[in-house]
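Numbers restart at 1 for each chain; the letters A, B, ... are given by sequence-line order, proteins then strands.
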Amino acid sequence: MAILLLADHDNATLSDQSGKALTAASQIGGDVHVLVAGKGAKAAADAAAKLAGVSKVLLAESDELANNLAEPLSDLIVSLAGSYDTIIAAATSTGKNVLPRVAALLDVAQISEIIEVVSADIFKRPIYAGNAIQTVQATDAKKVITVRTASFSPASQGPSAVVEDISTTAFSSLLATFVADAISSSDRPELSSAKIIISGGRALGSSEKFKEVMLPVADKLGAAVGASRAAVDAGYAPNDWQIGQTGKVVAPQLYIACGISGAIQHLAGMKDSKIIVAINKDEEAPIFQVADYGLVGDLFEVLPELQKAL
Amino acid sequence: MKTLVPVKRVVDYNVKIRVKPDGTGVELANVKMSMNPFDEISVEEALRLKEAGKAEEVVVVSIGPAKAEETLRTALAMGADRAVLVETDDAVEPLAVAKILKGVAEAEKPGLIIVGKQAIDDDSNQTGQMLAALLGTAQATFASKIEIGDGKATVTREVDGGLQTIEIKLPAVVTTDLRLNEPRYASLPNIMKAKKKPLDKKSPADFGVSTEPRLKVLKTEEPSGRKAGVKVKSVAELVEKLKTEAGVL
């Protein structure tokens with residue numbers, strides 16, 4: 001049977017995380033249909049149709065689906081589920097919100113954040129902040145899966161698949177309504193797809209210092225900016241910058257950790273990066289145990305110097 | 001309004017876990033256990049709603065071994081009023097947990113169920129969403145702010161691009177994220193008082209729920225490790241190495 005991939009998008013653009021989830025779906029095997037649910041989401045659907053390995057795009061548009069609310073979206077997925085034996089999505093905030101609801105409505109387990117497809121029903125997933133890797137076999141007739149996208153490469157472009165309109169207005173009474181989005185806009189790359197990430201910790205000391213010292217280096221490198229939980233909790237950086245066990249999980253080519261001690265919860269979010277650089281005053285900081293290149297020093301001196309040297 | 005808060009006993013967040021050499025799981029013997037940090041945030045939020053006059057009673061529930069009573073006593077010492085222990089030695093998957101919690105919710109009829117967004121042991125991030133599905137209620141996951149109104153709640157959620165605010169009909173399930181609050185510590189007198197607070201014992205069978213796993217765990221192994229690299233002496237040396245040796249600049 002076929003696989004249904006829930007696309008992550010903001011109506012105008014398709015998130016590149018869906019292309020990585022598609023790679024996982026293709027490894028499971030079978031026809032992959034992509035569901036684009038939203039409003040005015042034709043552009044996202046067209047982008048999904050151009051990904052290699054997609055045999056059909058289902059476009060469902062309605063007011064209820066405009067803001068990725070879990071209740072109508074999971075009702076829609078459940079109504080389609082009969083034709084699929086696997087329902088899969090990237091483990092983005094939308095995928096993590098919606099898919100467990102779908103799984104419970106279908107009375108099946110969810111397999112969260114897979115990092116490897118071993119076979120059509122066997123997967124590897126991290127537990128304990130990535131300090132152990134579990135190999136699990138699904139026994140339910142239908143599989144509901146979220147994908148840790150940092151572990152899969154993006155699907156390439158392919159011949160255009162057909163986009164089928166499945167719009168519906170049949171939704172049960174509204175349990176939730178959308179009020180507002182406060183989405184940060186930035187010219188910098190997104191954390192999930194950036195090739196270089198520079199990330200700051202509590203040692204930055206304030207929101208002003210964080211901006212003053214980190215951002216010029218980020219701009220010079222064309223890097224995305226991340227933060228440790230401590231820095232986000234202290235208000236030095238916004239929540240969507242947090243990298244770690246319960247924040248974003250990233251695997252860029254280069255990760256530069258500045259003033260981050262390296263708690264296991266933070267390492268869980270970045271230790272699959274290709275090259276890790278640690279800049280820290282404390283030469284005993286655990287971050288140095290995972291860093292390819294360590295520089296012991298005061299980041300308020302090192303970072304301006306780095307900016308000049310680049 | 002009554003609030004229901006599920007809490008889970010997990011390996012303390014400061015413990016560096018060890019995988020058993022035979023690949024059958026993670027070493028749990030003689031390891032410090034605590035309340036899942038996200039559940040502490042849930043308990044705290046329920047207590048604050050009560051203190052603000054938005055909720056009357058805070059009921060905490062745990063599904064787990066007899067020792068999960070300690071976790072419930074911690075929640076009672078923080079200020080929860082009553083506890084339910086659904087005792088089982090089985091490893092209970094999120095779907096079965098949600099089914100048991102549905103049974104508890106049908107008996108307790110809470111106006112709001114506050115669930116930690118994820119347990120730091122299995123990192124599933126499923127239970128709250130599954131519970132909302134089974135109860136047929138709204139869900140507001142990854143909450144950083146909860147405002148209770150008349151028959152509804154306005155919840156600000158931490159999402160990938162920033163924040164999203166939604167309004168949900170009550171009763172509903174909210175799952176908590178890190179920035180919602182900073183949990184209190186229990187005072188010694190409150191720890192003493194908590195020993196006398198009511199704690200009901202139940203079993204999964206009382207709710208007609210089977211804890212039979214749906215996922216077969218074939219193996220548990222260490223992740224491929226990373227070795228410490230080299231220390232560089234200067235920024236110039238760092239940039240040089242990143243350019244020539246690592247080839248990432």
Side-chain angles (χ1 to χ4, degrees), chain A residues 69-71 92-93 96-97 100-101 103-105 108-112 122 126-140 175-184 229 233 238-240 246 253-254 264 271 274-275 277 288-296 302 305-306 309-310, chain B residues 11 13 16-17 19 26 93-95 98 117-118 120-126 129-130 132-134 137-142 144 154 158-169 178-179 214-223 226 228-232 235-236 238-239 241-242 246 248:
Chain A
L69 293 178
E71 298 81 5
T92 57
S93 50
K96 290 192 275 197
N97 186 34
R101 190 173 177 104
L105 292 172
V108 301
Q110 175 182 288
I111 307 162
S112 294
I122 300 179
I127 55 172
Y128 288 95
N131 287 298
I133 308 294
Q134 231 177 24
T135 305
V136 296
Q137 180 167 29
T139 63
D140 287 313
L175 295 166
T177 48
F178 170 78
V179 177
D181 265 340
I183 300 298
S184 23
R229 179 195 168 181
D233 281 1
N239 65 279
D240 50 299
T246 69
Q253 294 289 304
L254 174 60
I264 51 174
K271 68 183 158 77
K274 183 167 172 256
I275 297 290
V277 171
F288 287 121
Q289 291 163 19
V290 299
D292 300 283
Y293 303 106
L295 180 53
V296 179
V302 170
E305 209 182 313
L306 179 61
L310 288 167
Chain B
V11 172
Y13 76 100
K16 171 91 172 73
I17 58 106
V19 175
V26 165
E93 290 178 354
L95 181 61
K117 79 163 180 181
Q118 142 179 11
I120 60 164
D121 50 4
D122 62 17
D123 283 334
S124 287
N125 194 336
Q126 300 174 9
Q129 296 88 314
M130 288 183 155
L134 298 177
T137 68
Q139 66 187 50
T141 50
F142 326 143
S144 65
T154 306
E158 294 198 355
V159 296
D160 285 347
L163 297 169
Q164 181 188 57
T165 304
I166 61 171
E167 192 177 280
I168 50 171
K169 273 191 196 164
L178 294 168
R179 258 67 64 179
R214 304 289 189 89
L215 297 180
K216 214 184 282 174
V217 178
L218 303 179
K219 192 168 59 178
T220 305
E221 60 198 324
E222 297 262 5
R226 256 196 115 95
V230 296
K231 291 255 169 67
V232 293
V235 168
L238 175 65
V239 172
K241 286 210 185 283
L242 289 176
V248 288

Region of Ile183(A) in contact with chain B, defined by heavy-atom distances below 4.5 Å: both
Segment of Ser144(B) engaging chain A (4.5 angstrom heavy-atom cut-off): neither
What one should report as the nearest heavy-atom pair of Arg214(B) and Ala109(A) is CB-CB, 3.7 Å
Heavy-atom count around Tyr13(B) OH within 6.0 Å, excluding the residue itself: above 12? no
Can you tell me which of Ala236(B), Pro223(B), Ala246(B), Ala98(B) forms the most heavy-atom pairs within a distance under 4.5 Å of chain A? Pro223(B)
Of the backbone (N, CA, C, O) and the side chain (C-beta and beyond), which part of Ala291(A) lies under 4.5 Å from a heavy atom of chain B, both, or neither? backbone
Heavy-atom count around Lys274(A) NZ within 6.0 Å, excluding the residue itself: above 12? yes
Please identify, among Val26(B), Val232(B), Asn125(B), the residue contributing the most non-hydrogen atom pairs under 4.5 Å to chain A. Val232(B)
Of the listed residues (Thr141(B), Thr165(B), Leu134(B), Asp122(B)), which shares the most heavy-atom pairs with chain A below a 4.5 Å separation? Thr165(B)
Per-residue contact mode, Val19(B) against chain A (heavy atom under 4.5 angstrom): side chain
Where does Val239(B) contact chain A at under 4.5 Å (heavy atoms): side chain, backbone, both or neither? side chain
Quick one: does Asp292(A)'s side chain get under 4.5 Å of Lys241(B)'s, heavy atoms only? no
Partners passing side chain to side chain contact (heavy atoms under 4.5 Å, CB included) against Ser184(A) (at least two apart in sequence or in another chain): Asp240(A)
Could you have a look at Ile127(A), Asn239(A), Val277(A), Ile264(A) and say which one has the most heavy-atom pairs with chain B under 4.5 angstrom? Asn239(A)
Side-chain H-bond candidate by donor/acceptor type, Ser112(A) with Gln126(B), under 3.5 Å: yes
Under a 4.5 Å cut-off applied to non-hydrogen side-chain atoms, are Tyr128(A) and Asp121(B) in contact? yes
In this structure, OG1 of Thr177(A) is separated from CD of Glu167(B) (nearest 0.5 Å) by 4.5 Å
Could you have a look at Leu310(A), Leu69(A), Ile275(A), Val296(A) and say which one has the most heavy-atom pairs with chain B under 4.5 angstrom? Ile275(A)
Rounded distance (nearest 0.5 Å) linking atom CG of Asn97(A) with atom CG of Asp160(B): 10.5 Å
Partners of Asp181(A) by salt bridge (charged side-chain N to carboxylate O under 4.0 Å, His left out), sequence neighbours excluded? none
If you count heavy-atom pairs under 4.5 Å between each of Thr220(B), Thr137(B), Leu178(B), Thr154(B) and chain A, which one has the most? Leu178(B)
Chain B contact via Gln110(A) - side chain, backbone, both or neither, heavy atoms under 4.5 Å: both
Which atoms form the tightest heavy-atom contact between Lys96(A) and Gln129(B), and what is the distance? O-NE2, 2.8 Å
Which atom pair, heavy atoms only, marks the closest approach of Asp123(B) to Ala129(A)? OD2-N, 2.8 Å
Specify which of Val136(A), Val290(A), Leu295(A), Leu254(A) makes the most heavy-atom pairs with chain B at under 4.5 Å. Leu295(A)
Need one label for Leu95(B): side chain, backbone, both or neither, based on atoms under 4.5 Å from any heavy atom in chain A. side chain
Could you tell me whether a side-chain N or O of Glu71(A) sits under 3.5 Å from a main-chain N or O of Gln139(B), the two making a donor and an acceptor? yes
Which of the residues Leu238(B), Ile168(B), Val230(B) is involved in the greatest number of heavy-atom pairs with chain A at under 4.5 angstrom? Val230(B)
Checked Arg179(B), Glu158(B), Met130(B), Glu222(B) vs chain A; the most non-hydrogen pairs under 4.5 Å come from Arg179(B)
How many angstroms lie between OG1 in Thr246(A) and NZ in Lys117(B), if you round to the nearest 0.5 Å? 4.0 Å
